[in-house]
Amino acid sequence: MLSLSVLAAVALSWALTPAVRALALHFGAVDQPTGGRKVHKKSTALWGGLATGLVVLLSIVFVSLVLDDVGVPAWQLTGFALGIVILMIGGLLDDRWNLPPWAQFLFPLAAGVIVVLTGSGIERITNPGGGAPIELGWIGVPLSILWLLTVTFAMKLLDGLDGLVAGLTVVGAVLIALLAGSEAYFQPMIAMLALLVAGAYLGFLPHNREGNIFLGEAGSTIAGFSLGVLAILSGAKVATAATALAIPLVDVAIVVIRRLMAGRSPFRGDTEHLHFQLLALGLRPRTVARLIWGVGAAAGLLALTLQTRGKIFLFIFLAALVCTASYLAWARGRGRGRGEGSFFDV
């Protein structure tokens, strides 16, 4: 049943995407090539997140019906679904009318708050020194919201190349499924839901190319949000998810710090994200996407074999690697001229 369910998610996403593309073109939700951060050369439909979001929503309903006596309480699944709906609405509106930055931030914040209020939160973390887990108490509430916002915006800001976010979402979701399906944690509901999320983005991936359709605001934010929620349903998965998503997480931190040090607003966009810098060095877009997919997959698989302390060291190593690569690419590309815009439009 699991294999058929995942195949159904892939097929449904693949079949829905052309219809969503036609809808986006009809309502004018189109990304125009304007240079700078918009490296595509053809007008491309947005609203891809409508297809992936609908499949994720249907997956939540399906899992709750099939595995209603195992795993995640109904309220937590309801909060997850409501968060997806909020992000879908906000994303579709932004893709069509380019909402102001405060509104673009409000939708992910509302989604994160609803998830936490319905019982999905980081309540404890593994003690790196051994012994009993560390209970977080009230601090777990803001920490959970911060985690969801961080991973949501990290994936949103990574969405600058065809297939980059969709592919990395598949990688992250499969890794969470592997961990949830292991004997140590055995959470069949989370494992199945994670694989269905992977299926939603895998089915979209063949359409995610220049001139066809992009994920858009909804698709990229739902990607990060879904991985974030799946991770915090069990605290043990947060470290693994963070390791698999080390590149976007560290890249966002580097870019914001660099803007602040240069006296620029952190909310002003540019082409200083690592994937843009790698393009400036002459790498092909598909090569950059596959490189980031590969690093994420390798790091995540390695994290599956490590205890908490090992995952921390692995994340530090990956952060140092990203910092080094980003600095070298930035140093070589400095002075070539970089476009600027809104941070929330990256």
For this session: Could you tell me how the ring of F153 sits relative to the ring of F105: parallel (under 30°), tilted (30 to 60°) or perpendicular (over 60°)?
Result: parallel
Problem set entry | Any side-chain heavy-atom pair of T78 and T118 under 4.5 Å | no
For this session: Side-chain contact test, heavy atoms from C-beta onward, threshold under 4.5 Å: evaluate it for V250 versus L318 and give yes or no.
Result: no
Problem set entry | Test item: R21 side-chain N/O and N212 main-chain N/O as donor-acceptor pair under 3.5 Å | yes
Exercise. Taking C-beta and beyond as the side chain, do Y201 and I222 meet within less than 4.5 Å on heavy atoms?
Worked result: yes
For this session: Side-chain contact test, heavy atoms from C-beta onward, threshold under 4.5 Å: evaluate it for M155 versus F225 and give yes or no.
Result: no
I'd like a table of donor-acceptor pairs (distance under 3.5 Å, sequence neighbours excluded) in which one partner is a side-chain atom from residues 291-307, with atom names and distances.
from: W293; atom 1: NE1; to: G163; atom 2: O; distance (Å): 3.3
from: W293; atom 1: NE1; to: L164; atom 2: O; distance (Å): 3.2
from: T305; atom 1: OG1; to: L302; atom 2: O; distance (Å): 2.7

Problem set entry | side chain to side chain contact (heavy atoms under 4.5 Å, CB included) between L158 and H273, worked out | CA-CA 8 Å; L158 187 70; H273 287 284; over 6 Å; no
For this session: Could you state whether L25 and V20 fall into the same hydrophobic cluster, counting links through intermediate Ile, Leu, Val, Met, Phe, Trp or Tyr residues with side-chain heavy atoms under 4.5 angstrom apart?
Result: no
For this session: Take L193 and S59 through the test side chain to side chain contact (heavy atoms under 4.5 Å, CB included) and record every step on the way to the result.
Result: CA-CA 7 Å; L193 188 53; S59 298; 4.1 Å; yes
Exercise. Would you call M189 and L77 a side-chain contact if the rule is heavy atoms closer than 4.5 Å?
Worked result: yes
Problem set entry | By ring pair (Phe, Tyr, Trp, His ring centres under 6.0 Å) - contacts of W14 (at least two apart) | H207
Problem set entry | Sidechain-backbone polar pair: T324 side chain, A320 backbone, donor-acceptor under 3.5 Å | yes
Exercise. So, for V170 and L202, which heavy atoms are closest and what is the spacing to 0.1 Å?
Worked result: CG2-N, 3.7 Å
Exercise. Looking only at heavy atoms, what is the nearest atom pair of A191 and G181, with distance?
Worked result: CB-N, 4.0 Å
Exercise. Cluster question for you: counting only ILVMFWY and a side-chain heavy-atom cut-off of under 4.5 Å, with indirect links fine, are L4 and L12 together?
Worked result: no
Problem set entry | S220 side chain to G216 backbone, donor-acceptor under 3.5 Å | yes
For this session: Determine whether D162 and P285 make a side-chain contact, defined as any pair of heavy atoms from C-beta on separated by less than 4.5 Å.
Result: no
For this session: Taking all heavy atoms of G219 and all of T52, pick out the closest pair and write down the distance.
Result: CA-OG1, 4.2 Å
Problem set entry | From CZ (R209) to NZ (K42), nearest 0.5 Å | 9.0 Å
Exercise. When clusters are formed by joining ILVMFWY residues with side-chain heavy atoms under 4.5 Å apart, either directly or through shared neighbours, do L249 and I316 land in the same one?
Worked result: no
Exercise. Donor-acceptor pair, Q104 side chain versus L99 backbone, under 3.5 Å?
Worked result: yes
Problem set entry | Same apolar cluster (I L V M F W Y, side chains within < 4.5 Å links), V85/I114 | yes
For this session: With sequence neighbours excluded, give me every ring pair (Phe, Tyr, Trp, His ring centres under 6.0 Å) pair touching residues 297-320.
Result: none
Exercise. Any side-chain heavy-atom pair from S5 and F62 closer than 4.5 angstrom?
Worked result: yes
Problem set entry | For V56 against S226, the heavy-atom pair lying closest together | CG1-OG, 4.2 Å
Seminar exercise, completed: Taking every heavy atom of A166 against every heavy atom of L215, the minimum-distance pair comes out as N-CD1, 4.0 Å
Exercise. Considering all heavy atoms of both residues, which atom of L168 and which atom of A244 are nearest to each other, and what is their separation?
Worked result: CD1-O, 4.2 Å
Seminar exercise, completed: d(W47 CH2, L92 CG) to nearest 0.5 Å is 6.0 Å
For this session: With side chain to side chain contact (heavy atoms under 4.5 Å, CB included) as the test, would you mind laying out the steps for L161 and L279 before giving the verdict?
Result: CA-CA 10 Å; L161 299 177; L279 287 179; 3.2 Å; yes
Exercise. Sub-3.5 Å donor-acceptor pair from the side chain of D95 to the main-chain atoms of V30, do we have one?
Worked result: no
Exercise. Going hydrophobic residue to hydrophobic residue with side-chain gaps under 4.5 angstrom, can you get from W75 over to L148?
Worked result: no
Exercise. Okay, side chain of S13, backbone of V10: is any donor-acceptor separation there less than 3.5 Å?
Worked result: no
Seminar exercise, completed: From the list L175, V238, I312, L314, side-chain contact (heavy atoms from CB on, under 4.5 Å) partner of T243 resolves to L314
For this session: First locate atom CG of D159, then atom NE2 of H275, and finally report the distance between them rounded to the nearest 0.5 Å.
Result: 8.0 Å
Exercise. Would you call I176 and V197 a side-chain contact if the rule is heavy atoms closer than 4.5 Å?
Worked result: no
